[in-house]
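A, B, ... follow the sequence lines: proteins, then strands. Residue 1 opens every chain. The structure presented is a predicted model; accordingly, all values stated were derived computationally and were not measured.
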Amino acid sequence: MIRRALLVVLALALLAVGFTGDRFWLQFMGKAMIGCIFAMSLDLLVGYTGLVSLAHAAFFGISAYLLAGLSNHYGLVSPVATLPICLAGAAFAAVVIGWLSLRATGVYFIMVTLAFTQMLYYLFNDAPGLGGSDGLYVNERPFSGRTTAYFAIWSALVIVYAVLLRVLHAPFGHALVGIRVNEQRMRSLGFPTPRYKLVAFVIAGTLAGLAGYLDAALYGFVNPAEFGWRQSGLVLMTVLLGGKGTLHGPILGALLLTFVEHYGEQFTVHWNALIGALVIAVVLFLPRGLAGLVHARD
Amino acid sequence: MLETEALCRRFGALAAVDGVSLSFEAGKIHALIGPNGAGKSTLLALLSGELRATSGRVRLRGVDVTHHSPDRLSRLGIGRSYQTANVFAELSGAECVWLAAQSRAPMRLLSRAGRLPGAERALDACGLSSRRAIRASELSYGEQRQLEIAMVLATEPSLLLLDEPLAGLGHDEAQRIVALLREVARDRTMILVEHDMDAVFSIADTVTVLVGGRVLERGTPQAIRASRAVREAYLGEEQP
Ligand SMILES: Nc1ncnc2c1ncn2[C@@H]1O[C@H](COP(=O)(O)OP(=O)(O)O)[C@@H](O)[C@H]1O
Ligand SMILES: [Mg+2]
């Protein structure tokens with residue numbers, strides 16, 4: 001109950017930021033909310049299904065680059081046209097990468113997903129037509145003005161939260177938890193678990209694509225670092241920091257990391273080390289992440 | 001109902017199941033006995049698709065299912081339980097059974113998980129209705145074994161493979177499970193691996209004795225009890 005009330009307050013506060021029109025805060029909180037969507041989508045795999053994927057940045061990046069390509073080469077800008085195409089691109093990539101990497105399990109799955117992320121990073125980094133390591137500008141952005149983009153991001157966050165909540169309470173979500181706990185048992189009960197895992201992977205990848213799309217729309221800029229393992233690792237840390245296996249955990253983690261990243265950067269160039277220290281502290285002292293703090297009072 | 005033909009499974013040099021040809025008639029309780037390491041669990045794993053046969057065939061209702069996956073065999077009506085209780089510790093008893101029943105429905109992403117009549121029947125049949133809200137990990141060992149059977153029943157199998165359902169149970173709990181098995185077997189076929197000879201001889205229609213991965217003898221409980229070879233090779237160990 002407390003948790004739900006806190007989430008509503010948080011959503012309203014984020015909505016209120018949209019009315020300030022303040023350039024910095026719109027960009028800053030917009031980025032934080034994109035981080036929330038990105039991390040929640042990964043938690044569907046890590047926290048619920050028990051799949052630690054390092055390919056998540058790939059879907060973020062593919063969708064972002066698709067938006068740049070559509071806008072720069074085809075003059076397609078309107079979200080009505082570009083959003084479905086970018087999401088379909090991310091979903092397609094997730095089908096292919098998921099289909100191949102889910103043949104491996106455990107640490108091998110992690111390695112295969114990492115390999116895909118690296119492959120795409122070098123592909124985009126080394127292709128001059130794609131802007132190389134400098135990245136690309138999105139000539140015309142799908143949302144006119146920062147405030148519109150901010151409200152679009154806010155709506156996306158609310159919708160993604162609601163959809164994931166629904167999915168997790170549906171039989172499908174229960175089956176994912178069953179797979180995490182004991183996949184062999186689920187198979188002998190008749191669940192085609194490879195198919196369940198692939199569907200979860202594709203849902204998560206598509207939502208990561210949504211985050212990438214919103215990111216490119218907000219900043220008007222894409223670059224190959226979005227594909228990198230660093231980005232994949234950071235979103236995994238976000239999930240662990242916030243608390244895996246919950247939806248509000250990744251939200252808390254993403255908000256916290258956005259703040260640490262921004263203010264840490266001003267405070268020290270070694271802010272990465274700061275995040276590292278934070279993760280170590282949380283893993284040691286709060287095994288259920290920041291979400292564990294909310295639960296304790298629930 | 002189910003037939004095996006020269007079924008073999010090797011682990012390196014060891015032939016855990018070594019040329020087993022058996023046929024299991026529908027509607028009967030078939031017991032599988034034998035000393036530890038005889039290959040009973042391995043045989044069940046071959047029948048349920050969890051292990052791949054090194055050679056030989058398995059036929060279900062005349063159809064070759066040797067290389068089917070466990071989930072496919074489950075949807076064809078083969079349900080199994082494990083030698084150690086293998087329930088979802090984090091979920092409540094009712095949730096475990098509901099989850100099992102969901103395996104028969106198509107993948108549903110958005111609809112609410114509701115109560116399913118099959119799941120309710122399975123809970124009732126296994127005497128767990130009053131314990132439904134308790135986490136599986138907090139149930140007694142005997143109740144976990146009942147829950148294990150309830151989960152399998154919720155998938156509405158026509159053939160049950162049970163691996164030592166009485167292992168580790170006290171006398172009263174074992175009695176309860178035996179009564180449950182009798183009830184469950186009324187309209188199903190059952191292949192039962194069990195060490196408790198009293199239970200086996202009281203409920204089985206046929207008994208197959210497995211030693212060193214091979215079939216030593218097969219017959220009615222009376223015939224097996226009377227068999228000298230079986231007594232020497234196996235029963236003798238337990239009744240000196
Ligand atoms: N996964 C495995 N790897 C290697 N050897 C195994 C494996 N599973 C079973 N075995 C061996 O196969 C033989 C039969 O085992 P099992 O089928 O469990 O016997 P039972 O259930 O009759 O006690 C034993 O010698 C056992 O050590
Ligand atoms: Mg065994």
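- Close approach to chain B, defined as a heavy atom under 4.5 Å from one of its heavy atoms, is seen in A/Val199, A/Ile203 of residues 198-207 of chain A, taken by number.
- For chain A, no part of B/Arg72 is nearby; none of its heavy atoms comes within less than 4.5 Å.
- Using a 4.5 Å cut-off on side-chain heavy atoms (C-beta onward), A/Gln184 and B/Tyr82 make contact.
- Taking A/Ala90 as the reference, A/Phe59, A/Ser63 meet the side chain to side chain contact (heavy atoms under 4.5 Å, CB included) condition, with sequence neighbours excluded.
- When side chains are defined from C-beta on, A/Val177 does not count as touching B/Phe88, because their heavy atoms never get closer than 4.5 Å.
- For the pair B/Trp98/A/His174, no side-chain contact is recorded, criterion being any heavy-atom separation below 4.5 Å from C-beta on.
- A/Gly190 and B/Arg104 make their closest contact through CA-NH1, 3.9 Å (heavy atoms, listed as atom of the first residue, atom of the second, distance).
- Two residues are said to be in side-chain contact when any heavy atoms from C-beta on lie closer than 4.5 Å; A/Phe172 and B/Leu109 meet this criterion.
- Two residues are said to be in side-chain contact when any heavy atoms from C-beta on lie closer than 4.5 Å; B/Asp71 and A/Thr193 fail this criterion.
- Heavy atoms from other residues, nucleotides or ligands lying under 6.0 Å from NZ of B/Lys40 number more than 12.
- Contact between A/Leu189 and B/Ser103 at its shortest, heavy atoms only, is O-OG, 2.8 Å.
- Of residues 153-164 of chain B, those residues with a non-hydrogen atom less than 4.5 Å from any non-hydrogen atom of chain A are, in numerical order, B/Thr155.
- Within a 6.0 Å sphere centred on CZ of B/Arg182, other residues, nucleotides and ligands contribute more than 12 heavy atoms.
- Rounding to the nearest 0.5 Å places OG of A/Ser188 at 11.5 Å from CD1 of B/Ile78.
- Listed in order of number, the residues of residues 98-110 of chain A that approach chain B to under 4.5 Å between heavy atoms amount to none.
- Using a cut-off of 4.0 Å between Lys/Arg side-chain N and Asp/Glu carboxylate O, B/Glu50 and A/Arg185 are scored as not salt-bridged.
- Heavy-atom contacts from other residues, nucleotides or ligands closer than 6.0 Å to CZ of A/Phe151 number more than 12.
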